[in-house]
Amino acid sequence: MYCYKYPHPAVTADCIVFNKEDNRIYVLLIKRKNEPFKDCWAFPGGFINIDESAEDAAIRELKEETGLEISTVEQLKAYSTPNRDPRERVITIAFIAESTIKDVKGGDDAKEARWFDISTLPPLAFDHEQILKDALEKVKKN
């Protein structure tokens with residue numbers, strides 16, 4: 001193994017999944033089971049395993065936390081504000097996906113999974129409100 005002079009950040013992948021129906025946009029959120037932000041709503045996501053790509057981590061976390069299986073995601077951007085996660089220095093790579101499947105169920109470290117109309121969203125954990133704003137801008141352009 002190598003030793004480095006500088007500490008390394010942790011890296012996560014978040015998946016912002018949209019469903020467009022009847023001229024409305026819905027987003028898939030999970031209710032967090034654990035701290036930080038226990039019982040708050042957030043995007044499905046989590047830490048990237050050492051042997052997987054960020055894309056694979058986003059797809060895996062989505063399935064683990066919601067039961068939703070998708071095969072492709074599109075990278076939105078990375079979020080790296082130093083204090084975005086109170087646990088440690090965490091950089092997240094956000095991905096966008098679309099799905100027409102409505103049946104979701106909380107699993108793993110998600111108490112609940114649910115689709116929300118973007119006009120009636122609960123407060124979001126971490127910096128997920130900014131991520132959602134950026135994702136919506138990209139989705140509305142397409």
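The structure displayed is predicted, hence computed values, not measured ones. Numbering of residues begins at 1 and proceeds along the displayed sequence. Quick note: numbers below take in every heavy atom, side chains included, and nothing from hydrogens, waters or symmetry partners.
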Can a salt bridge be assigned to the pair Glu129 and Lys133 using a cut-off of 4.0 Å between side-chain N and carboxylate O?
no
Taking atom CZ as the centre, does Arg24 end up with more than 12 heavy-atom neighbours from other residues, nucleotides or ligands that are less than 6.0 angstrom away? no
- Query: Should the pair Lys77 and Tyr79 be classed as cation-pi, given the thresholds of under 6.0 Å to the six-membered ring centre and 45° from the axis?
  - Reply: yes
Short N-O contact, Asp109 and Lys33, less than 4.0 angstrom
no
Note: Thr72 and Ala97 closest approach over all heavy atoms is O-CB, 4.0 Å
Between the NZ atom in Lys102 and the CG atom in Asn19, the distance rounded to the nearest 0.5 Å is 5.0 Å
What one should report as the nearest heavy-atom pair of Ile48 and Ser53 is CG2-O, 4.2 Å
Task: Asp22 atom CG: more than 12 heavy-atom contacts under 6.0 Å - done: no
Shortest non-hydrogen pair, Thr66 vs Ala113, comes out as CG2-CB, 3.9 Å
Using only atom types and a distance under 3.5 Å, with no angle test, would you say the side chain of Glu55 pairs donor to acceptor with the backbone of Val73? no
Of all heavy-atom pairs linking Leu62 and Cys15, the shortest is CD2-SG, 4.1 Å
Do Phe47 and Ile91 land in one hydrophobic cluster if side-chain heavy atoms of ILVMFWY residues count as linked below 4.5 Å? no
Problem set entry | Salt bridge present between Lys138 and Glu74 (N-O < 4.0 angstrom) | yes
For Lys20, look at atom NZ and say whether over 12 heavy atoms of other residues, nucleotides or ligands are found less than 6.0 Å away.
yes
Interatomic distance, NZ@Lys63 vs CG@Asp108, rounded to 0.5 Å, equals 12.5 Å
Rounding to 0.5 Å, atoms CG (Leu76) and CD (Glu137) come to a distance of 9.5 Å
Worksheet item: Does atom NZ of Lys105 have more than 12 heavy-atom neighbours, drawn from other residues, nucleotides or ligands, at distances under 6.0 Å?
Response: no
Heavy atoms of Arg84 and Phe126 approach each other most closely as O-CD2, 3.4 Å
One should read off an interatomic distance between Thr12 OG1 and Asp85 CG, to the nearest 0.5 angstrom, of 7.5 Å
query: Can you find a pair of side-chain heavy atoms, one from Ile93 and one from Asp14, that are under 4.5 Å apart?
result: no
Contact check, side chains of Pro122 and Phe116, non-hydrogen atoms, under 4.5 Å
yes
Q: Give the C-alpha distance, both sets of side-chain angles, the deciding distance and a yes or no for side chain to side chain contact (heavy atoms under 4.5 Å, CB included) between Val90 and Val11.
A: CA-CA 6 Å; Val90 177; Val11 183; over 6 Å; no
Item to check | Salt bridge present between Asp39 and Arg32 (N-O < 4.0 angstrom) | outcome: no
Here the pair of heavy atoms bringing Val17 nearest to Trp115 is O-CZ3, 3.5 Å
Asp103 CG: over 12 foreign heavy atoms closer than 6.0 Å = no
Might you confirm whether atom CG of Asn49 has over 12 heavy atoms from other residues, nucleotides or ligands at distances under 6.0 Å? yes
Relative to the ring of His128, is the ring of Phe43 parallel (under 30°), tilted (30 to 60°) or perpendicular (over 60°)?
parallel
Rounded to the nearest 0.5 angstrom, the SG-CG distance for Cys40 and Leu124 is 9.0 Å
Can Leu132 be reached from Ile25 by stepping across I, L, V, M, F, W or Y side chains whose heavy atoms are under 4.5 Å apart?
yes
Q. Would you find a donor on one side and an acceptor on the other, under 3.5 Å apart, between the side chain of Arg60 and the backbone of Glu52?
A. no
Here the gap from Ser99 atom OG to Glu69 atom CD, rounded to the nearest 0.5 Å, amounts to 10.5 Å
